[in-house]
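Proteins get letters first, then strands, A, B, ... in listed order; numbering begins at 1 in each.
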2 protein chains.
Amino acid sequence: MHRETLQRYMNYLLLLTKLKNEGRATVTSDELAVREGVTGSRVRQDLSALRILGKPRQGYRIADLEILISSMLDILSAKPVALVGIGNLGRALVLSDIWSHAGFDLVALFDNDPALIGASVAGLPVRDAATMERFIQEQGIESACLALPADKAQAVVDRLVDAGVRALWNFALIDLDVPAGIIVENQRLEQGLMALSFRIAKRNQDDARSSQD
Amino acid sequence: MHRETLQRYMNYLLLLTKLKNEGRATVTSDELAVREGVTGSRVRQDLSALRILGKPRQGYRIADLEILISSMLDILSAKPVALVGIGNLGRALVLSDIWSHAGFDLVALFDNDPALIGASVAGLPVRDAATMERFIQEQGIESACLALPADKAQAVVDRLVDAGVRALWNFALIDLDVPAGIIVENQRLEQGLMALSFRIAKRNQDDARSSQD
DNA sequence: CCGCTCTCGGTACCCGGTTATCGATTCTAC
DNA sequence: GTAGAATCGATAACCGGGTACCGAGAGCGG
Ligand SMILES: NC(=O)c1ccc[n+]([C@@H]2O[C@H](COP(=O)([O-])OP(=O)(O)OC[C@H]3O[C@@H](n4cnc5c(N)ncnc54)[C@H](O)[C@@H]3O)[C@@H](O)[C@H]2O)c1
Ligand SMILES: NC(=O)c1ccc[n+]([C@@H]2O[C@H](COP(=O)([O-])OP(=O)(O)OC[C@H]3O[C@@H](n4cnc5c(N)ncnc54)[C@H](O)[C@@H]3O)[C@@H](O)[C@H]2O)c1
């Protein structure tokens, strides 16, 4: 499955939640399509690939779609995950509700700043990073999120992988080096900002060109 | 230009910076290709589209690539940008160095929390959100970043657009409603986490399947 | 100086994602 | 009940991003 396709499924899901809150029970392929900037055909093929059936003149049952897309993404489970680096970004992540929405359960916070250790964020204690390996092994945690300086990230990753972590969500701007089989999902915020810069430049060019005509 | 292609250019840029720091002056298409999981052919076509010429048996001059890709993305300029919502996420963004890397200059911080107004973050004062429109108009700011609660975002966006903002980098989990011509780049963190969940599920399935054989 | 090798630039081809189309089905209206 | 409209499911056609290939130029070794 290509990244674009995967993103479409996630957008369907977000859209469905919104529609459900509006009291809707069914949705047509064209409705989903226009909001995604794609054709009804594409949506029907996406859903058909998940063996989801709709009814002519009625559309698809929103509840069915939600369950099937969610289970494909495996976000109905609650995989335990640890967060390392409780700085500004880390705190924002702890306080957000994205973990449960994406099939994770944030169970542990780690930092090596004595001023932070022992504090509590959103009801979770900040643990000493020195105790990280032990806790992760004991709890069988296989996922971790990194919100710490780029120059500290690789060393922490090595320790995490040794302790049994097999999937990483990385916010540090660095290409992590991991053994085969370990998944790294990089969250590169500056890419979003660069994309914005490009789109602004493109719009300004287009505007200038069309005003010339 | 498709999103995937754009992302490839940004990755080239990050890679080039790294190579330059290692003292390299030139790079071959195959070198860039393997790190991007693509063929040398694709890289050469990408670069050729930017009218970048290489030399046989030598490759491309890194300095040239950096300048041309940077100018395509328009990240050499310093577009003024305002940040609204100086919570945990906002502070993390202020303190990061992504702004200049992506062609922006963070010039103003706004919040409506009296406890924050007047404080200083990274040398910038937090201004009263009530004075937002005026400041933005006076300074001719056309870009803004939103790091505030989803239920407050739309109202703030309406004010920003009225004041002249034409490009938005949005962290709130909501589909913003804006007039035509206004660019919105949504930074959906939970999509990265969902993608991680999907990749974990897929790997576990594959592992189970291959151990069956 | 002469091949030999490496890498670029261009072209042709391929593949898969996207769209278009059409028959089938179900609901509405009268 | 029948006509008509709407929407699905399937298939075919299209398109563009990606790859493979080949000829050309640039450096290297002898
Ligand atoms: N990729 C991006 O676009 C982007 C944007 C913003 C921030 N970031 C990254 O995220 C990181 C975190 O951002 P932030 O604003 O929260 O930074 P921060 O400095 O506020 O927080 C970093 C935290 O990590 C902790 N830490 C440092 N070394 C550690 C170690 N070895 N073990 C455990 N904890 C350790 C520190 O004590 C601190 O609390 C930044 O360093 C930055 O690289 C990336
Ligand atoms: N999309 C995601 O994946 C994701 C992840 C984390 C956070 N977020 C979003 O980012 C937002 C910010 O996160 P945070 O942790 O910094 O939240 P936060 O509550 O710490 O910060 C929000 C800030 O916005 C300010 N604010 C509220 N209303 C305002 C208004 N009308 N004008 C100006 N300022 C106003 C508040 O005073 C506060 O300082 C969250 O609400 C969340 O929706 C999104």
Exercise. Might you point out which heavy atoms bring His101(B) and Ile75(B) nearest each other, and give the distance in Å?
Key: O-CD1, 3.5 Å
Quiz item: To the nearest Å, how far apart are His2(B) NE2 and dG17(C) C1'?
Solution: 11 Å
Quiz item: Could you give the CD-to-C1' distance, from Gln58(B) to dC8(C), as a whole number of Å?
Solution: 11 Å
Quiz item: So, does Arg8(B) use its side chain to make a donor-acceptor pair with the main chain of Asp46(B) at under 3.5 Å?
Solution: no
Practice problem: To the nearest Å, give me how far apart CZ (Arg42(B)) and C1' (dG18(D)) are. | Solution: 6 Å
Quiz item: Hey, does Gln45(B) reach any base, or is it just sugar-phosphate, or nothing, if we go heavy atoms under 4.0 Å?
Solution: base
Exercise. Using a cut-off of strictly less than 4.0 Å, decide whether Arg8(A) has a side-chain nitrogen or oxygen near OP1 or OP2 of dT18(C).
Key: yes
Quiz item: Donor-acceptor pair under 3.5 Å: do we get one between Glu31(A)'s side chain and the base of dT7(D)?
Solution: no
Practice problem: Round to the nearest Å and state the distance from Leu50(A) atom CG to dG9(D) atom P. | Solution: 13 Å
Quiz item: Quick one: which of dC8(D), dT19(D), dG27(D) gets closest to the side chain of Tyr60(A)?
Solution: dC8(D)
Self-check item: Separation of atom CG in Leu53(A) from atom P in dA24(C), rounded to whole Å
Solution: 18 Å
Quiz prompt | Touch class at under 4.0 angstrom, heavy-atom based, for Thr28(A) against every strand present | solution = sugar-phosphate
Quiz item: Would you call Glu31(B)-Lys18(B) a salt bridge at under 4.0 Å N-O?
Solution: no
Exercise. Apply the side-chain contact (heavy atoms from CB on, under 4.5 Å) test between Leu106(A) and each candidate in Ile98(A), Leu93(A), Val81(A); give the one that qualifies.
Key: Val81(A)
Self-check item: Of Asp46(A) and Ile52(B), the one whose closest DNA chain C nucleotide lies more 5'
Solution: Ile52(B)
Self-check item: Atom-pair distance (CG on Asp30(A); C1' on dT18(C)), nearest Å
Solution: 14 Å
Practice problem: Take atom CZ of Arg44(A) and atom P of dT25(C), then tell me their distance rounded to the nearest Å. | Solution: 16 Å
Quiz item: Side chain of Arg57(A): nearest nucleotide among dT19(C), dA20(D), dC27(C)?
Solution: dC27(C)
Exercise. Answer yes or no: is there an ion pair linking Asp206(A) with Arg199(A), defined by an N-O contact shorter than 4.0 Å?
Key: no
Practice problem: With heavy atoms under 4.0 Å as the rule, sort Ser48(B) into base, sugar-phosphate or nothing. | Solution: sugar-phosphate
Quiz item: In whole angstroms, how far is the P atom of dT19(D) from the CD atom of Glu4(B)?
Solution: 11 Å
Quiz item: Is any side-chain N or O of Ser41(B) closer than 4.0 Å to OP1 or OP2 of dT19(D)?
Solution: no
